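Worth saying up front: this structure is predicted, and the values here are computed from it rather than measured. Below, chains carry the letters A, B, ... as their sequence lines are ordered, and counting in each starts from 1.
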2 protein chains.
Amino acid sequence: MRTATLMVTNGEADVGVIETAIDTIKQMIIDGELRPGQKLPVEKNLAEQLGVARNTLREAVRALVAMRVLQTRQGDGTYVTSLSPDLLLDGMSFVADIHLDAGAGEFLHVRRILEAEATALAATRIPDADLVHLGDLLDEAETVAACDPVDHEKLVALDQDFHALIASHCGNAVLAAVTHNMSGRTVRARVWRGMSDPEAVHRTLREHRAVYRALLARDSERARLHAALHVLGVEESLTGSGAFAGEAARG
Amino acid sequence: MRTATLMVTNGEADVGVIETAIDTIKQMIIDGELRPGQKLPVEKNLAEQLGVARNTLREAVRALVAMRVLQTRQGDGTYVTSLSPDLLLDGMSFVADIHLDAGAGEFLHVRRILEAEATALAATRIPDADLVHLGDLLDEAETVAACDPVDHEKLVALDQDFHALIASHCGNAVLAAVTHNMSGRTVRARVWRGMSDPEAVHRTLREHRAVYRALLARDSERARLHAALHVLGVEESLTGSGAFAGEAARG
DNA sequence: AACTCCAATTGATCCGATGAATATGAATGG
DNA sequence: CCATTCATATTCATCGGATCAATTGGAGTT
């Protein structure tokens, strides 16, 4: 009956009833008692089963909802989500966002490694139809960049779509999710907003097109290099080494 | 006064009061209004400031506590954590754990890429003192492995320490944290528990020592290769290709 | 100055009540 | 017989208050 108490003795130190309830539900998922899509007992019953008050259970459930493990629908019930990696790992983008001052470079370094691998893998896996779609994204981005009042928001969205579409075809959902989330919305927005120089925007778009051509050629190594170089360019533009040294090296 | 309502109009769709409260607090952190280590207003005041009930605020705070953004101390108050990447990213290990059936290979693939990079970087950065410590870990692991009733729990802990110590000196906290969390406790435990064959244990320890020797030689490329090969061995032992093909290829 | 002890502060947990959204099944019209 | 409409029950969302427990900080003592 008092499952919660049993879990405490089994697990680590008792740091609180709610933490215990969270870990208990987590463990039920890991153990397979709760499967993706499955409906949980109603709050009243589940609270009684775990030996906690309904409000306490709600805080535990809310924590799991925040980390995309559970999903609640008012009037219906609480369900286990698909637990797919891209769903559970999308909280990482928030981590990247709050470190855009100090640690943005570290996130970008990781993204460079992963994006290079994901792009290389995608070179031999992305369907022709999605390559066409990729080309459309590039064309649209260049159109937007040509306008005088450049819509940076639109460019950010197209940039994100471009990389996400490639990564989604690397054959590894975890790699795609981690890569995608290694730079959050705020980071991407800052990068593009920092491109006051029109030349910087065009250079970035040229890098995108270089990756695109490598994918068209189904050349993994070319794709890997261009992807890495592209992210490296972003890194250097953030650390400031791109404004002088980077630009000089390119020129 | 009604900050929460203002945030809704500013942000995305209103999916609930609690979600709004969570996003508001998140944004306050991203914007720098709340800094690491800072104390939040008391529950009563903060709830009033956000225009929600105290119970509602608690659920929001609880969600942020679960993702290691906030920390509460009874009788004292609620504080913003250090927000360090290793703290905020340690929830990923849970994601890895619940996918140990289907997607363990995908996590290991990512870990292989990152661990190779982290080990290569550490080769030129890890202090001599920690290299000594690393050697001690290896010696201890071999001692444990030599005992008849092999303590697999101890081996798991030593394995985790070995890799964590290396990654911690790669000069990139994000890379270290992501690498570390790419295989959770449950995954590691399963891997080591699956080594019923004593030869498999010794092979793994030999791989560890090969990485160690490369670090001693301060040879980044050797370290990278041995690290990648080591994780690859784990991948193959999980997918089953190690039992036959892997063993044959090695012999 | 150092220690002890008490009261205020603050979060932790619980309880009950009301509102809002959904699902379910009966009733209705075709 | 089938589709639609609608009333009702179920369930989560939100709220306000009450009590317990842990920490803090100052008063008082040595």
Which angle, to the nearest 10 degrees, lies between the helix axes at the two ends of the helix from C/dA1-D/dT30 to C/dG30-D/dC1, each defined by five pairs?
10°
Salt bridge (charged side-chain N to carboxylate O under 4.0 Å, His left out) filter on A/R111, not counting sequence neighbours, yields A/E115
To the nearest Å, give me how far apart CD (A/E59) and P (C/dT13) are.
8 Å
Is A/R73 paired with A/D76 through a side-chain N to carboxylate O contact shorter than 4.0 Å?
yes
Closest to the side chain of A/R62, out of D/dT14, C/dA12, D/dG16, is D/dT14
List every contact pair, protein side and nucleotides 7-11 of chain C side both N or O, where the distance is under 3.5 Å.
residue: C/dT10; atom: O2; partner: B/G75; partner atom: N; Å: 3.4
residue: C/dG11; atom: OP2; partner: B/E43; partner atom: N; Å: 3.1
residue: C/dG11; atom: N2; partner: B/Q74; partner atom: NE2; Å: 3.2

Mark yes or no for whether A/R188, through its side chain, and A/S183, through its backbone, hold a donor-acceptor pair below 3.5 Å.
yes
Would the distance check show the side chain of B/N181 and the main-chain N or O of B/A177 forming a donor-acceptor pair, the cut-off being under 3.5 Å?
yes
Given atom CG of A/L50 and atom P of C/dT13, what is their separation to the nearest angstrom?
13 Å
Round to the nearest Å and state the distance from A/Q71 atom CD to D/dT11 atom P.
17 Å
Output the rounded distance in Å from CG (B/L46) to P (D/dC15).
13 Å
Round to a whole Å and report the spacing from CG of A/L57 to P of D/dC12.
9 Å
Rounded to whole Å, how long is the line connecting atom CG of A/N55 with atom C1' of C/dA17?
12 Å
Verify, without hydrogens or angle tests, whether A/E106 (side chain) and B/A173 (backbone) share a donor-acceptor contact under 3.5 angstrom.
yes
NE2 of B/H133: more than 12 outside heavy atoms within 6.0 angstrom?
no
Is there a side-chain contact between A/Q160 and A/H180, using heavy atoms and a 4.5 Å cut-off?
yes
I'd like to check B/P36 versus B/T81 (side-chain heavy atoms, cut-off strictly below 4.5 Å). Are they in contact?
no
